[in-house]
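Heavy atoms only: backbone and side chains are in, while hydrogens, waters and symmetry mates are out.
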Amino acid sequence: QVHLVESGGGLVQAGGSLRLSCAASGRTFSNYAVGWFRQAPGKEREFVAAIDCSGRNTYYADSVKGRFTISRDNAKNTVYLQMNSLKPEDTAVYYCAARSTLGAGTRLWEYDYWGQGTQVTVSS
């Protein structure tokens with residue numbers, strides 16, 4: 001199995017930027033596709049972005065496309081989520097998740113391992 005730890009969350013003003021990191025350990029990281037999800041209070045957890053094992057194929061929710069960028073550095077066992085032009089509606093706990101297949105997924109049940117989450121708060 002693989003263990004995931006998110007970091008990089010915090011408080012930022014609208015229009016600002018944050019870079020989240022997801023550090024993985026336990027297995028060969030290059031064998032896992034990774035996704036980012038978020039959950040606001042009282043809301044369902046929703047898909048944000050995903051990346052396949054090679055890092056060549058990425059996917060984004062319409063709400064973040066053009067503002068967020070997902071990337072990975074397999075040598076460092078880390079996946080990143082660069083968030084620019086942040087909006088108050090981006091406020092949520094952000095989770096990274098790993099999938100033990102080569103391809104990326106956009107649904108909760110497609111992922112096997114989850115981190116504990118990191119809080120992102122965007123003020124207006």
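Between the NE2 atom of H3 and the OG atom of S25 there is a distance of 6.5 Å, given to the nearest 0.5 Å. Atom OG of S100 is separated from atom OH of Y111 by 11.0 Å, given to the nearest 0.5 angstrom. The structure places CZ of R99 at 11.0 Å from CZ of R107, a figure rounded to the nearest 0.5 Å. Rounded to the nearest 0.5 Å, atoms CG (N74) and SG (C53) are 8.0 Å apart.
A donor-acceptor contact shorter than 3.5 Å is absent between the side chain of Q39 and the backbone of E46. Within the 3.5 Å criterion, the main-chain N or O of A23 finds no donor-acceptor partner in the side chain of T78. Within the 3.5 Å criterion, the main-chain N or O of A50 finds no donor-acceptor partner in the side chain of Y60. The backbone N or O of D52 lies less than 3.5 Å from a partner atom in the side chain of R72, making a donor-acceptor pair. Not a single donor-acceptor pair under 3.5 Å links the side chain of Q13 to the backbone N or O of S123. Between the side chain of S63 and the main chain of A61, no donor-acceptor pair closer than 3.5 Å is present. In this structure, R38 contributes its side chain and A92 its backbone to no donor-acceptor pair below 3.5 Å. Judged by distance alone, the side chain of T118 and the main-chain N or O of G9 form a donor-acceptor pair under 3.5 Å.
Under the 4.5 Å side-chain criterion, counting only non-hydrogen atoms from C-beta, M83 is in contact with V120. Residues F68 and L86 are in side-chain contact: their nearest non-hydrogen atoms beyond the backbone lie under 4.5 Å apart.
When the side chains of ILVMFWY residues are joined at heavy-atom separations under 4.5 Å, either directly or via intervening members, V122 and V64 end up in a single hydrophobic cluster.
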Quick one: do Y95 and F37 satisfy ring pair (Phe, Tyr, Trp, His ring centres under 6.0 Å)? Show the steps, please. CA-CA 5 Å; Y95 301 87; F37 296 79; 8.8 Å; no
Run the numbers on W114 and L4 for side chain to side chain contact (heavy atoms under 4.5 Å, CB included), then give the verdict. CA-CA 6 Å; W114 293 81; L4 306 172; 5.6 Å; no
For L108 and F47, what are the C-alpha separation, side-chain angles and deciding distance, and is it a side chain to side chain contact (heavy atoms under 4.5 Å, CB included)? CA-CA 8 Å; L108 294 172; F47 169 76; over 6 Å; no
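With sequence neighbours excluded, no residue forms a side chain to side chain donor-acceptor pair (under 3.5 Å) with E110.
S17 and N84 form a side-chain donor-acceptor contact under 3.5 Å, judged by distance and modelled atom types alone.
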